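All values reported here derive from a predicted model rather than from experimental measurement. Lettering follows sequence order; numbering is per chain, from 1.
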Amino acid sequence: MEIILKNGDKLSVDGGATCAQAAAKISDGLARNAVAAKVNGALCDLAHVLKEGDELEIVTLKDKEGLDVYRHTCAHVLAQALKNIYPTCSLAIGPVIENGFYYDIDFNTPITMDDLAKIETEMQKIIKAKTPIERFELPRAEALKLMQKYGEKYKVELINDLPEDSVISFYKQGSFTDLCRGPHLPNTGKIKAFKLVSIAGAYWRGNEKNKMLTRIYGVAFPKKEELEAHFTMLEEAKKRDHIKLGKELKLFALLNEGKGFPFFLPNGMTLKNTLVDFWRELHRKEGYVEIQTPIILTRTLWENSGHWDHYKDNMYTTVIDEEDCAVKPMNCPGGMLVYKLSPHSYKDLPLRMAEMGMVHRHEKSGQLHGLFRVRCFTQDDAHIFMLPEQIKDEIKGVIHLTDKIYSQFGFKYKIELSTRPENSMGSEEDWNIATDALKAALDELGRAYEINEGDGAFYGPKIDFHLEDSIGRTWQCGTIQLDFQMPQRFDLEYVGEDGQKHRPIMIHRAIFGSIERFIGILIEHFAGKFPLWLAPTQVKILPITDRTLGYANEVCKQLADAGIRCEVDKRNEKIGYKIREAKMEKVPYVLVVGDKEAEDGTVNVNKRGVEEKDTVKLDKFIKKVVKESAEKVIF
RNA sequence: GCUACUGUGGCUCAGCUGGUAGAGCAGCUGAUUCGUAAUCAGCAGGUCGCCGGUUCGAAUCCGGCCAGUAGCUCCA
């Protein structure tokens with residue numbers, strides 16, 4: 001019989017041939033590297049029997065799907081090993097995740113990190129045995145019986161959730177059988193490089209009301225070298241950890257006295273202020289006005305905005321002169337009040353109103369993490385009030401501004417568009433106009449974006465920006481959200497050309513998202529080596545002996561007068577020692593000044609990351625560093 | 001919040017199976033005035049996260065609390 005290959009070629013194979021046999025006919029190499037197959041577009045095992053006219057594509061470890069199959073088999077090997085060691089444990093689910101896999105298990109005895117080595121050894125045994133993995137199918141009723149017989153209560157629950165008439169597939173390797181959709185590797189011997197990395201608690205089906213199971217995480221790669229590279233990357237990420245660097249570089253502090261409320265130290269404050277200055281300058285140029293609304297506002301306002309009913313658990317409340325008040329968790333209600341302060345004409349729109357607003361939210365204690373998740377943070381918020389026909393251009397404007405800001409740090413980013421969810425407010429027509437405007441803005445700018453169907457906020461569609469940092473991790477930062485709710489709740493209006501009152505369209509938008517979080521991301525992105533314009537100390541001056549301290553102070557004064565953040569290391573220490581410290585502080589420019597420099601009016605320039613040293617005239621250096629700082633050079 | 005782990009001077013860490021704290025760095029003092037990643041010496045600094053229990057005796061064992069870290073979305 002004949003089958004069709006991916007490239008359109010026809011291949012003749014024996015009747016009843018499997019995908020593996022077909023692969024062998026194509027080439028020995030392909031047969032060796034095959035892990036699964038795609039028949040008529042559907043992923044299946046290599047043992048799958050082909051039919052006349054089937055379209056066949058062999059999947060290898062180079063394919064994302066192939067890698068998933070590989071990792072999924074790892075999860076099964078883990079499960080088998082666990083069953084061998086702990087016969088009474090119950091298996092829940094064991095899916096593939098980025099870089100690896102996990103399995104959720106209900107143990108009768110607690111297990112610890114120390115047990116992982118033992119489990120790995122057992123897994124190695126299973127892999128060495130090259131046990132064939134076989135698929136079989138059962139009708140639902142029999143599948144239930146089988147799992148009940150094995151005492152797998154979670155599997156039973158999973159099968160019960162499947163439709164009555166479904167045929168359930170299982171995979172069997174040696175004495176171990178697991179409920180699974182598949183596909184899997186043909187045998188366990190194909191696994192080459194894996195490691196169990198951690199243990200964590202995880203709720204059955206992700207619901208905190210359910211029992212907490214033990215989750216064992218593993219990573220797996222086709223080659224040992226890739227596994228090692230993965231751990232090298234983790235090491236690198238660990239070195240960049242913003243909590244560690246934040247302490248070393250004296251940027252911020254997290255104290256018991258303020259759980260989730262970061263303290264900004266002088267260096268971190270310089271960083272924060274520099275970011276805010278940069279932000280403010282760009283926003284002014286883009287036609288934004290800036291406001292500041294109070295931190296504490298009355299209960300009536302929060303009732304009006306809906307937060308008192310829907311967000312109260314996350315709000316800090318207080319009583320002032322016997323009146324209930326709340327600390328703002330969001331800036332919008334304050335912004336609405338400002339809009340309402342005076343009547344607006346259609347001629348005033350769009351009105352772009354920005355606010356660097358500090359908000360407080362009571363995040364659950366376990367959610368807190370360094371600057372990434374705090375209970376008090378500054379949003380670079382802005383509310384834009386506009387006419388319906390202005391939506392598209394305003395969105396384009398925000399994206400344009402976002403580009404300017406992100407590119408300053410060398411970030412690439414991805415865009416996601418989220419559309420109307422099920423329980424949402426606003427008319428079908430409003431949603432369509434808004435969603436279409438968002439799409440049109442992205443399309444006109446030629447931006448690629450992913451659509452998250454039904455993932456918008458209940459009050460409007462949104463665009464999210466996901467940054468990619470220097471070691472490939474992504475972070476959600478910026479967001480543009482249309483809001484049909486706030487203008488209605490606050491009864492916002494403007495007078496149109498027709499003399500009638502109309503409701504403006506409003507968007508919330510943020511680019512940094514949270515300044516605190518963004519700073520955390522920047523620390524890790526740059527590994528603490530901030531570009532010149534951001535560096536808390538831009539230039540450090542090191543006199544070789546006390547004789548040149550006077551000259552060092554003069555150099556510092558001139559740089560400071562030129563607007564450069566600089567300092568002199570006045571201590572009576574050897575130059576090598578001072579150099580070492582300045583380098584550890586990751587200062588972009590270190591100037592060494594001794595008798596020679598003092599006499600010639602020069603400085604010896606040591607640039608961060610550059611081996612060669614350069615002696616130049618002081619005025620020349622000042623000009624250069626001022627220019628470079630103003631250019632906000634990336635990296 | 002839940003599960004696991006962690007919590008010793010400003011920082012990094014040692015302290016084995018309970019006998020009542022130790023180092024390096026930083027700091028201070030003195031000497032040294034030195035040319036590109038740690039000069040030498042001395043001094044000072046901790047009721048071992050907090051509270052309670054067991055014990056003749058607890059940093060060490062037990063319980064509670066507080067704080068930190070990892071994970072808790074990815075459906076067989």
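Across all strands shown, B:rA41 pairs with B:rU29; the Watson-Crick or G-U wobble distances both stay below 3.5 Å. Across all strands shown, B:rU47 forms no Watson-Crick or G-U wobble pair with both distances under 3.5 Å. Pair assignment for B:rG24: B:rC11, on the basis of Watson-Crick or G-U wobble contacts that are both within less than 3.5 Å. For B:rA4, the paired base is B:rU69 (Watson-Crick or G-U wobble, both distances below 3.5 Å). The partner of B:rU17, taking Watson-Crick or G-U wobble pairs whose two distances both stay under 3.5 Å, does not exist in any strand shown. Summarising the base pairing, B:rU55 is matched to no nucleotide, lacking a Watson-Crick or G-U wobble pair whose two defining distances lie under 3.5 Å.
Across all strands shown, A:Glu573 has heavy atoms under 4.0 Å from base atoms, whether or not it also approaches the sugar-phosphate. Residue-level contact check: A:Gly576 touches the backbone only, with heavy atoms under 4.0 Å from sugar-phosphate atoms and none from bases. Heavy atoms of A:Gln367 sit under 4.0 angstrom from at least one base atom. The residue A:Ile93 sits close only to the backbone: its heavy atoms come under 4.0 Å of sugar-phosphate atoms, none of a base. A:Leu213 comes within 4.0 angstrom of nothing in the nucleic acid, heavy atoms only. Across all strands, A:Lys155 comes closer than 4.0 Å only to sugar-phosphate atoms, never to a base (heavy-atom distances). At a threshold of 4.0 angstrom between heavy atoms, the contacts of A:Leu255 with the nucleic acid are absent. Within the nucleic acid shown, A:Glu157 has no heavy atom closer than 4.0 Å to any nucleic acid atom. Across all strands, A:Gly370 comes closer than 4.0 Å only to sugar-phosphate atoms, never to a base (heavy-atom distances). Base engagement by A:Asp595 is indicated by at least one non-hydrogen atom pair under 4.0 Å involving a base atom.
Atom P of B:rC34 sits at a distance of 48 Å from the matching atom of B:rU69, rounded to the whole Å. If you take atom C1' in B:rG18 and the same atom in B:rG10, they sit 30 Å apart, rounded to whole Å. For the P atoms, the distance from B:rG35 to B:rC28 is 24 Å, rounded to whole Å. B:rA26 and B:rG15: their C1' atoms are spaced 22 Å apart (whole Å).
Set against B:rC34, B:rC72, B:rA37, the side chain of A:Arg547 has B:rC34 as its closest nucleotide. Closest to the side chain of A:Ile97, out of B:rC74, B:rG35, B:rG68, is B:rC74. Closest to the side chain of A:Lys364, from the set B:rG1, B:rA37, B:rC34, is B:rG1. Across B:rC72, B:rA26, B:rC75, the shortest atom-to-atom separation from the side chain of A:Tyr577 is found for B:rA26. With B:rG35, B:rC75, B:rA38 as the candidates, the nucleotide lying closest to the side chain of A:Leu158 is B:rC75. For A:Lys583, the side-chain atoms get nearest to B:rA37 when compared with the rest of B:rA37, B:rU33, B:rC74. Checked against B:rC72, B:rU36, B:rA70, the side chain of A:Arg215 finds its nearest nucleotide in B:rC72.
Remark: the backbone N or O of A:Phe530 is paired with a side-chain donor or acceptor of A:Arg608 at under 3.5 angstrom.
Taking 4.0 angstrom as the limit, A:Arg181 places a side-chain polar atom (N or O) nearer than this to OP1 or OP2 of B:rA76. Look at A:Lys259 and you'll find a side-chain N or O under 4.0 angstrom from OP1 or OP2 of B:rG68. At B:rU73, none of the side-chain N or O atoms of A:Arg205 fall inside 4.0 Å of OP1 or OP2 (strictly under the cut-off). In this model, the phosphate group of B:rU12 is approached by a side-chain N or O of A:Lys247 to a distance below 4.0 Å at OP1 or OP2. OP1 or OP2 of B:rC72 sits under 4.0 Å from a side-chain N or O of A:Tyr217. Look at A:Lys613 and you won't find any side-chain N or O under 4.0 angstrom from OP1 or OP2 of B:rU36.
Side-chain to base pairing of A:Tyr203 with B:rG1: one donor and one acceptor N or O lie within less than 3.5 Å of each other.
In this structure, A:Arg215 satisfies the cation-pi test against A:Tyr102, with its NZ or CZ atom closer than 6.0 Å to the six-membered ring centre and inside 45 degrees of the ring normal.
When each of A:Thr270, A:Leu559, A:Ile564 is paired with A:Gln538, the side chain to side chain contact (heavy atoms under 4.5 Å, CB included) condition holds for A:Ile564 and for no other.
Looking at A:Glu142 and A:Lys145, no side-chain N of the basic residue comes within less than 4.0 Å of a carboxylate O on the acidic one, giving no salt bridge. Under a 4.0 Å N-O distance rule, the pair A:Lys64/A:Asp68 qualifies as a salt bridge. In this structure, A:Asp464 pairs ionically with A:Lys462, as a charged nitrogen and a carboxylate oxygen lie closer than 4.0 Å. Contact check on A:Lys153 versus A:Glu157 returns no salt bridge, with no Lys/Arg side-chain nitrogen under 4.0 Å from an Asp/Glu carboxylate oxygen.
Inspection of the A:Glu453 and A:Thr419 side chains reveals an N or O donor paired with an N or O acceptor under 3.5 Å.
One interatomic measurement links the two molecules: CD of A:Glu581 to C1' of B:rG27, which rounds to 12 Å at whole-angstrom precision. Between the CZ atom of A:Arg571 and the P atom of B:rA37 there is a distance of 16 Å, given to the nearest Å.
The 5' end of RNA chain B is approached more closely, in terms of each residue's nearest nucleotide, by A:Gly366 than by the other of A:Gly366 and A:Ile159.
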